[in-house]
Amino acid sequence: MSSRTYQLSAENVNVWFGERHVLKDVNLAFPSNQVTALIGPSGCGKSTFIRTLNRMHELIPSAGFGGKVLLDGEDIYGDGVDPVKVRLKVGMVFQKPNPFPTMTIQENVLSGLKLSGRKNPNNEELVETSLRRASIWNEVKDRLNDPALSLSGGQQQRLCIARSLAMGPDVLLMDEPCSALDPGSTRRVEETILELAPQMTIVIVTHNMQQAQRVADQTAFFLSEDGNPGHVVEFGATEQVFEQPVDPRTNDYVNGHFG
Amino acid sequence: MEKVIDLTPVARPKASQPWARKSPKFIASAAFASIIPAAITLAFIATAGLDFMAALIAIFLPLQVIAAALVGVSVYGRRGILEGLLVVATIFFSSFVFVLLGSVIWSVVSNGAAAISPSFIFQNNYYIQPKTSLEYGGVGHAILGSLLIVGASTLVTVPLGLATAVYLTETQGKSKGIIRTLLQAMAGLPSVVSGLFIYAMFIASGITTYAGWTGSLALIPLMLPTVARVTEESLRLVPAELRNGALALGAPAWRAFVQVTLPAAKSGIVTAVLLGVARVIGETAPLVLTTFAADRTNLNLFSGQMGSLPTYLFNYIAFGFDESIKRSWGAALVILIIVAILFISARVASGTRTKARK
Ligand SMILES: Nc1ncnc2c1ncn2[C@@H]1O[C@H](COP(=O)(O)OP(=O)(O)OP(=O)(O)O)[C@@H](O)[C@H]1O
Ligand SMILES: [Mg+2]
């Protein structure tokens with residue numbers, strides 16, 4: 001794994017779906033080795049935004065995009081940048097656990113290597129380190145050749161995290177990774193995030209205010225009002241966003257008054 | 001704590017299904033409703049000497065409908081009328097289809113079984129006259145011919161069908177609408193027209209004489225719509241999350257397709273191929289026009305006429321002798337058996353991996 005971690009930043013990101021403008025002028029910077037939480041009411045564009053960070057957004061047929069996303073100073077939307085290379089550096093964990101159903105646990109961990117056409121001589125070692133980093137090694141070490149779908153939902157989600165980690169990404173994007181999990185599994189995933197944080201830049205979308213406070217160094221609050229495109233209302237250190245928000249709407253939201 | 005799914009089957013207490021429990025009143029009236037009409041109908045047949053089919057339609061069905069409606073009302077009140085009628089209609093029509101299908105299969109099996117013997121399966125038709133007794137000659141050449149002709153079309157059609165389905169599901173191509181319409185039109189193409197087309201193009205024009213490969217060509221447009229549409233459906237059923245998961249790991253689109261989407265759709269694709277083969281294995285008209293028929297075993301798709309099961313069946317029916325018609329039934333049964341073997345082996349092939357991993 002590379003020891004360097006990249007800083008990621010979004011500059012004037014605008015997003016359209018067909019004619020509809022859903023994100024307007026988003027400017028966010030994600031410092032190396034920190035966790036950033038994205039919060040905001042449903043439909044304000046958090047998932048859409050996070051998908052622009054590893055060029056998954058463009059897979060939607062009607063998608064439109066404007067602005068820059070800098071990864072280690074280089075615009076990932078620049079001319080000649082291969083989206084496949086971007087996704088190798090910027091991993092993603094989805095809301096719903098999505099292990100590959102036709103593969104075993106071990107094959108799932110190594111699937112990224114196979115899928116990107118790479119070979120790794122130390123497969124077994126990589127499987128173990130990845131599963132350990134995703135805090136699921138102890139639960140699956142004796143059943144690595146079982147089908148991935150024989151795991152519980154929470155285990156599946158951590159397997160998906162392990163699968164991303166095996167690729168050695170510099171940035172990990174997580175879109176509501178715990179929304180389908182029970183409190184116990186949620187806690188495990190949060191612990192995993194905190195363990196990973198010193199080594200990589202993490203961006204996490206969450207609807208859980210406590211979770212944001214537990215894991216995130218900084219927090220961005222997105223809002224889309226009355227059909228206007230979503231935008232960032234407040235962005236800063238997590239404590240400040242939750243304790244002394246500048247904008248009254250942030251205050252209302254984090255205290256559960258709307259959304 | 002963590003949840004581990006236990007994969008070994010263990011003795012469980014017999015599962016109860018409270019929702020499936022029926023009240024005694026319901027059971028009684030349902031029994032009543034099924035026995036009385038049947039009894040009355042039987043009585044009529046016995047006493048008045050009515051024809052069975054006539055009694056079934058003129059007496060049993062109306063009585064059954066009335067009885068069902070009455071039971072419906074007594075159990076559920078007014079909304080029960082419709083419910084009762086629906087139940088009768090469903091049972092009646094499904095048993096109708098079932099009987100129809102069963103009788104077709106039964107007539108083939110009972111008539112064909114008499115013809116089937118090792119010599120019928122393994123020998124060819126050389127030196128055999130329409131009236132020759134069934135001890136001599138058989139459909140060996142036709143079985144091989146059918147397998148070769150259909151096998152060759154399958155080899156061409158499956159990649160084509162797969163490519164079409166991939167174009168329709170995985171890409172954002174602009175001509176999807178046209179391709180879909182074309183496929184639909186192709187599905188409606190009468191097989192004889194397909195045969196005629198190939199005949200005119202290759203045989204009447206003197207490019208070749210009757211040959212196996214022209215038959216394979218004529219079957220392709222008949223098979224393609226089935227293979228492409230069923231494959232398309234099964235690819236569509238693969239959840240988008242899996243594809244996105246693969247792409248997010250840095251997979252090029254084609255690898256994501258080959259390593260994730262395709263394996264997930266595997267059993268559907270096997271079914272597609274199978275339905276395609278089943279669609280054409282009994283096709284007669286296009287083969288009569290292109291491969292014609294041969295009595296000798298011909299394993300060369302590229303030269304000479306070739307026998308096949310449907311053309312054999314067709315020819316021997318046309319002779320009209322008792323012996324020859326028996327041979328036709330035999331050929332029909334062989335076709336059914338081949339289709340059955342294909343279905344079973346494909347089910348097994350597509351099922352093993354998933355089962356082993358469940
Ligand atoms: N594939 C799409 N096509 C068209 N519009 C879309 C698509 N995906 C999202 N949108 C629209 O973009 C806006 C932002 O959606 P997005 O999924 O990013 O919201 P979100 O903040 O992630 O919400 P949630 O918290 O419910 O997940 C919504 O108004 C949504 O309707
Ligand atoms: Mg979302």
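Bear in mind the structure is a predicted one, so any value in this text is a computation, not a measurement. Each chain gets a letter, A, B and so on, in the order its sequence line appears, and its residues count up from 1. Scope of the values below: all heavy atoms of this structure, side chains included, with no hydrogens, waters or symmetry mates.
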Winner by heavy-atom pair count (cut-off under 4.5 Å) against chain B, out of A:G154, A:G91, A:G117, A:S111: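 Option with the top pair count is A:G117.
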Largest heavy-atom contact set with chain B, pairs under 4.5 Å, which of A:M56, A:K85, A:M92: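 Looking at each option in turn, the highest pair count goes to A:M56.
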Chi angles and distances behind the side-chain contact (heavy atoms from CB on, under 4.5 Å) call for A:V84, B:R255: CA-CA 11 Å; A:V84 168; B:R255 273 190 200 272; over 6 Å; no
Atom group of [X] that falls short of 4.5 Å from chain B, counting heavy atoms:
X	answer
A:R163	both
A:P83	neither
A:V90	backbone

Quick check: closest heavy atoms across [X] and [Y], and the distance to 0.1 Å?
X	Y	result
A:M103	B:Q259	CE-O, 3.7 Å
A:L59	B:L247	CD1-CD1, 3.4 Å
A:N98	B:L242	O-CD2, 3.9 Å
B:L249	A:S164	CD2-CA, 4.0 Å
A:S116	B:G250	CB-O, 3.5 Å
A:F94	B:G245	CE1-CA, 3.8 Å

Interatomic spacing from CG in A:L115 to CH2 in B:W254 - rounded to 0.5 Å: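 So the gap between those two atoms works out to 10.0 Å.
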Chain A contacts, top residue of B:A264, B:P239, B:P252 (heavy-atom pairs, under 4.5 Å):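 Most heavy-atom pairs under 4.5 Å with chain A: B:P252.
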NZ (B:K176) with more than 12 external heavy atoms under 6.0 Å: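 Above 12, so yes.
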Greater than 12 external heavy atoms within 6.0 Å of B:F197's CZ: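 No, the 6.0 Å shell around CZ holds no more than 12 heavy atoms from other groups.
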Engaged part of B:Q172 at the chain A interface, taking heavy atoms whose separation is under 4.5 Å: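 Only the side chain of B:Q172 comes within 4.5 Å of chain A.
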